[in-house]
A.B. asks: 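Structure incoming, see below.
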There are 2 protein chains.
Amino acid sequence: MSENRLQKAIVALKESGVRITPQRHAVLDYLMNSVIHPTADDIYKALEGKFPNMSVATVYNNLRVLRENGLVRELTYGDSSSRFEINLTDHYHIICESCGKIVDFHYPSLDEVESLAAKVTGFEVSHHRMEVYGTCEECKQQKGHKH
Amino acid sequence: MSENRLQKAIVALKESGVRITPQRHAVLDYLMNSVIHPTADDIYKALEGKFPNMSVATVYNNLRVLRENGLVRELTYGDSSSRFEINLTDHYHIICESCGKIVDFHYPSLDEVESLAAKVTGFEVSHHRMEVYGTCEECKQQKGHKH
DNA sequence: GTACGTGCAAAGGATTTGCAAGCGG
DNA sequence: CCGCTTGCAAATCCTTTGCACGTAC
C-alpha cells in the first residue's frame, strides 16, 4: 500500500508537469518509508549510497517542489534545521525535549479553536499547527538512573 | 502598569544574579511595549538610535538570558529568523500568510490534548505550542481589489 | 575588585542561487 | 529537442563564539 501511495504521488506530480528524476523519486520514496521526520541532511546522507554524486542542493530543491505540490510538509521547530514528512491525514506531533524524537499521535482536528480565532481576529483561517513537548519514556528512564 | 511589570522583571532578574545593563534594560523594555513579535534584528534596529555602538550579538545574548529566565519566549515559524515576545499568560497566535502579521488571541489551554498525547505516547508532557494560519482583514481586502 | 556583559569580527551552519552540463518526456 | 534538473561552488542569511575591554554591583 505504500507502493500505492508512491504511484499516486508520482501520477499527481506528472500531471502538474513535474518530472520524475531518479533523485526526486528516491527522496519521495525515502520520505514515504520514514518515520523519523528527517532533516534535509538526513535524507542526503541516507541516499548518498545510491547517488554518490547527488548534492545537498538537489535534496533541498526536491523538498521544495514536493512541498509546493502539497506532498510534503516542512516542520520548523526551535532547532537549527527543518524536518520533513509526508503530508498525511490530520495528526499531531509530540517531541522529546531530551533526545529530539518526534512521535505522531491522532487527535480530532481543533476546529473549534480555528473558528474562535477567526471570530475574534477577523482572519480567514486556512489551517493550524500544534505540537506537544515533553520527555519520552526512554529519556525518563535514563533520568531515573541518576540516583 | 507596564512600568510595574518591568520593575518586577528587573527585580526577578537581579535575584537570579543577572546584571541590569542599559542594553539589557532597553531590550526588555522594548519587548514589553511591543505588539509586533519582533525578530532580533528588529530589536537591534529599534535600539540603534539609543545605542549606536550596540552589536547584534548583544541583542542575541540578552534574548538568550531573558529566555533562560523565563521572561521571554522564542517563536520559530517557517521563515528565516526567530521572533520574540514577553512570556505572558496563556494565549495563542494567528499568523497572516500574506503579510506575516502575528495577532494574539485567548483560548483556554488545550489540557485535554496534552493528557491524551501523554496517554497514547507514554511521554511526560511539559507544554505545547499551537498557531493558527490564515489571511488578515487588510490582506483579504487587497485580494478583493483584484477584479 | 571581580565576574559578567559588551562590541567587534570571524566562524559556523542551514539554505539558496548562478550557471554549465545532463536528461526526462 | 526543449526546458526542467542536476551538481558544484559560491553566496547569503541568521546565529553563535572568542577575546580584549568595560562596567554593574
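Hydrogens, waters and symmetry mates are skipped; everything else that's a heavy atom, side chains included, is used.
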A.B. asks: Scan residues 58-76 of chain B against DNA chain C and write down, sorted by residue number, each residue with any heavy atom closer than 4.0 Å; if none is found, say none.
C.D. replies: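 Those residues are B:Thr58, B:Asn62.
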A.B. asks: Starting at NE2 of A:His91, measure out to CZ of A:Phe105 and round the result to the nearest 0.5 Å.
C.D. replies: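 These two atoms lie 9.5 Å from each other.
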A.B. asks: Just to confirm, is there a sub-4.0 Å distance from OP1 or OP2 of D:dT15 to any side-chain nitrogen or oxygen of B:Ser82?
C.D. replies: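 Yes, because at least one side-chain N or O of B:Ser82 sits under 4.0 Å from OP1 or OP2 of D:dT15.
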A.B. asks: Among A:Arg24, A:Met54, A:Arg64, A:Gln23, find the one that has a side chain to side chain contact (heavy atoms under 4.5 Å, CB included) with A:Val59.
C.D. replies: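 Per the side chain to side chain contact (heavy atoms under 4.5 Å, CB included) rule, the option paired with A:Val59 is A:Met54, out of A:Arg24, A:Met54, A:Arg64, A:Gln23.
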A.B. asks: If I take atom CD in residue A:Glu15 and atom P in nucleotide C:dG25, what distance separates them, rounded to the nearest angstrom?
C.D. replies: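 The answer, rounded to whole Å, is 14 Å.
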A.B. asks: Between B:Glu131 and B:Arg129, is there a salt bridge with N-O shorter than 4.0 Å?
C.D. replies: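 Between B:Glu131 and B:Arg129 there is a salt bridge, with a charged N closer than 4.0 Å to a carboxylate O.
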A.B. asks: Which nucleotide wins on minimum distance to the side chain of A:Ser81, given the candidates C:dT15, D:dG7, D:dT17?
C.D. replies: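 For the A:Ser81 side chain, the nearest candidate turns out to be C:dT15.
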A.B. asks: Strictly distance-based, threshold 3.5 Å: is any side-chain N or O of B:Lys140 a donor or acceptor partner for the main-chain N or O of A:Gly122?
C.D. replies: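 Side chain of B:Lys140 to backbone of A:Gly122, a donor-acceptor pair under 3.5 Å: yes, one is there.
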A.B. asks: Working note: B:Glu85 + B:His93, criterion side chain to side chain donor-acceptor pair (under 3.5 Å); need CA distance, chi angles, decisive distance, verdict.
C.D. replies: CA-CA 11 Å; B:Glu85 67 170 5; B:His93 294 131; 2.8 Å; yes
A.B. asks: So for atom CD, which belongs to B:Glu124, do other residues, nucleotides or ligands contribute more than 12 heavy atoms lying within a distance under 6.0 Å?
C.D. replies: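 It does not: B:Glu124 CD has 12 such atoms or fewer within range.
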A.B. asks: Expressed as a whole number of angstroms, how long is the span from B:Glu48:CD to C:dC8:P?
C.D. replies: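 Roughly 12 Å, once rounded to whole Å.
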A.B. asks: Output the rounded distance in Å from OH (B:Tyr44) to C1' (D:dT15).
C.D. replies: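 B:Tyr44 atom OH is separated from D:dT15 atom C1' by 14 Å.
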A.B. asks: If only side-chain N and O atoms of A:Thr21 are considered, is one of them under 4.0 Å from the OP1 or OP2 phosphate oxygen of C:dC23?
C.D. replies: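 Checking A:Thr21 against C:dC23: no side-chain N or O falls below 4.0 Å of OP1 or OP2.
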A.B. asks: Figure out the CG/P separation between A:Asp41 and C:dT15, and round it to whole Å.
C.D. replies: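 Rounded to the whole Å, the gap is 9 Å.
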A.B. asks: Counting distance only, does the side-chain N/O of B:Asp29 pair as donor-acceptor with the main-chain N or O of B:His25 below 3.5 Å?
C.D. replies: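 A pair under 3.5 Å: no.
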A.B. asks: Quick one: which protein N/O atoms are closer than 3.5 Å to N/O atoms of nucleotides 2-4 of chain D? Pair and distance per line, please.
C.D. replies:
from  : atom 1 : to      : atom 2 : distance (Å)
D:dG3 : N2     : A:Arg19 : NH1    : 2.6
D:dG3 : N3     : A:Arg19 : NH2    : 3.4
D:dC4 : O4'    : A:Arg19 : NH2    : 3.4
D:dC4 : O2     : A:Arg19 : NH1    : 3.0

A.B. asks: Both B:Thr39 and B:Lys14 contact DNA chain D. Taking the nearest nucleotide for each, which residue is further toward the 5' end?
C.D. replies: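 Result: B:Thr39.
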A.B. asks: Please state how far atom CZ in B:Arg83 lies from atom C1' in D:dT15, giving the value in whole angstrom units.
C.D. replies: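 So the two atoms are 16 Å apart, to the nearest Å.
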A.B. asks: For the pair B:His127 (side chain) and B:Val125 (backbone), establish whether a donor and an acceptor sit closer than 3.5 Å, ignoring hydrogens and angles.
C.D. replies: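 Checking the backbone N and O of B:Val125 against the side chain of B:His127, no donor-acceptor pair under 3.5 Å is found.
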A.B. asks: Calculate the interatomic distance between B:Leu13 atom CG and C:dG5 atom C1'; express it in whole Å.
C.D. replies: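 Atom CG in B:Leu13 sits about 14 Å away from atom C1' in C:dG5.
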A.B. asks: So, does B:Gln23 get its side chain near the phosphate of C:dG7, meaning an N or O under 4.0 Å from OP1 or OP2?
C.D. replies: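 Yes, such a contact exists.
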A.B. asks: Where the side chain of A:Ile20 is defined as all heavy atoms beyond and including C-beta, which of D:dC25, C:dG25, C:dT17 is the nearest nucleotide?
C.D. replies: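 Ranking D:dC25, C:dG25, C:dT17 by closest atom to the A:Ile20 side chain puts C:dG25 first.
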A.B. asks: Any sub-3.5 Å donor-acceptor pair from B:Arg73's side-chain atoms to B:Phe84's backbone N or O?
C.D. replies: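 Not confirmed, B:Arg73 side chain does not pair with B:Phe84 backbone.
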A.B. asks: Return the value, rounded to whole Å, for the distance between atom NE2 of A:His25 and atom C1' of C:dG25.
C.D. replies: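 Taking atom C1' of C:dG25 as the reference, NE2 of A:His25 is at 16 Å.
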A.B. asks: For A:Phe51 and C:dG22, give me the distance from atom CZ to atom P, rounded to whole Å.
C.D. replies: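 About 18 Å, once rounded to whole Å.
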